[in-house]
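Keep in mind that what you see is a predicted model, and the values were worked out from it rather than measured.
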Amino acid sequence: MLDRRDALRYYPFDLTDGSASGAAPALPASIARVLRYFQALGREEKMQALVAYSKRLEPVPDRFRDLDRGTFSVPECQTRVDLVPEFRDGKMYYYADLNVRQSPTIAAFLAILFSAINGQPPSTVVAIPDDFVRQVMDGIGLAGREVGLTAMLLRVKRYAQQAATAVA
């Protein structure tokens, strides 16, 4: 198991709670594209898209298997979800460890989110609107999941903000 010092090789930023501040930058193209796509879908189409996306969530790479997952757990989510950030070559990459079979909605949301932000600079991640979850999931009756999904989004944004600060 990697200790905190070893983890900082992969994550050159603080993993403790903190909040991003400052004015929201313009909406990046990858985020706008996802929002347009989901806002154009009807309820049934969104449900079908969620099923398809739930199958696209990539597993956590082997190089992260020995990390202390407690450091990356999202306690606000009812389901056990570990979000593992990676900052490499000036770009953010995220991975999630969860039981996809048990939590297909969470897997789908994270696959959607990661498709828009993996391989992007931290500024793209930080620019995600705080109501992104509501905009993507609007009209499909998953209000009970919104708190946990929003907590995951805020965690992803916080990791990006910390990475940007670490290299500034």
Side-chain angles (χ1 to χ4, degrees), residues 2-39 53-54 56-65 67-77 79-98 100 103 105-137 145-168:
L2 294 178
D3 66 14
R4 185 173 177 75
R5 238 185 353 242
D6 291 330
L8 288 174
R9 283 190 327 203
Y10 295 109
Y11 322 103
F13 43 87
D14 183 16
L15 297 174
T16 60
D17 284 343
S19 58
S21 62
L27 198 59
S30 62
I31 304 300
R33 192 171 29 257
V34 167
L35 291 175
R36 274 194 313 271
Y37 174 71
F38 277 90
Q39 288 168 348
Y53 269 100
S54 72
R56 295 183 191 171
L57 187 65
E58 294 181 28
V60 176
D62 288 341
R63 66 185 177 274
F64 299 119
R65 292 223 187 270
L67 291 175
D68 174 12
R69 294 297 171 89
T71 304
F72 304 99
S73 186
V74 181
E76 299 90 345
C77 191
T79 302
R80 173 70 189 249
V81 177
D82 301 328
L83 292 177
V84 181
E86 181 178 29
F87 184 62
R88 168 172 38 105
D89 300 325
K91 301 199 180 346
M92 297 300 303
Y93 298 89
Y94 296 91
Y95 308 97
D97 188 23
L98 71 144
V100 176
S103 305
T105 303
I106 294 170
F109 175 75
L110 291 173
I112 292 163
L113 179 62
F114 295 170
S115 74
I117 61 175
N118 276 352
Q120 297 291 323
S123 60
T124 296
V125 181
V126 172
I128 298 170
D130 288 341
D131 66 344
F132 181 81
V133 172
R134 185 188 49 74
Q135 289 187 54
V136 170
M137 300 298 203
R145 296 277 188 183
E146 194 167 327
V147 170
L149 296 174
T150 299
M152 287 181 256
L153 172 65
L154 294 176
R155 175 74 59 97
V156 162
K157 290 178 68 170
R158 185 171 60 241
Y159 286 147
Q161 182 65 46
Q162 291 169 342
T165 302
V167 297

Report yes if some heavy atom in the side chain of [X] is under 4.5 Å from a heavy atom in the side chain of [Y]; otherwise report no.
X    : Y    : value
L154 : E76  : no
I112 : Y37  : no
F72  : F64  : no
L35  : V136 : yes

Spacing of L113 atom CG and S30 atom OG [to the nearest 0.5 Å] |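 Between L113 CG and S30 OG, I get 9.5 Å after rounding to 0.5 Å.
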
Nearest-0.5 Å distance, CD of residue E86 to NZ of residue K91 = 13.0 Å

What residue pairs, at least two apart or across chains, pass salt bridge (Lys or Arg N to Asp or Glu O under 4.0 Å) with a residue in residues 118-129?
->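 For residues 118-129, and leaving out neighbouring residues, there are no salt bridge (Lys or Arg N to Asp or Glu O under 4.0 Å) pairs at all.
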
Do you know the tightest heavy-atom contact between A116 and V34?
->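 So the two residues come closest at CB-CG2, 3.7 Å.
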
Identify the heavy atoms of P122 and A160 that sit nearest to each other, and give their distance.
->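 Minimum heavy-atom contact is CB-O, 3.3 Å.
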
Only pairs under 3.5 Å count here: list side-chain donor-acceptor contacts from residues 125-133, not counting sequence neighbours, and write none if there are none.
unit_1	atom_1	unit_2	atom_2	d
D130	OD1	K157	NZ	2.6
D131	OD1	Q135	NE2	2.7
D131	OD2	R134	NH2	2.6
D131	OD2	Q135	NE2	3.3

For L83, which of L110, L153, V60, D97 qualifies under side-chain contact (heavy atoms from CB on, under 4.5 Å)?
->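 Considering L110, L153, V60, D97, a side-chain contact (heavy atoms from CB on, under 4.5 Å) with L83 is found only for L110.
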
In terms of heavy-atom contacts, does CD of E58 have more than 12 from other residues, nucleotides or ligands at under 6.0 Å?
-> no

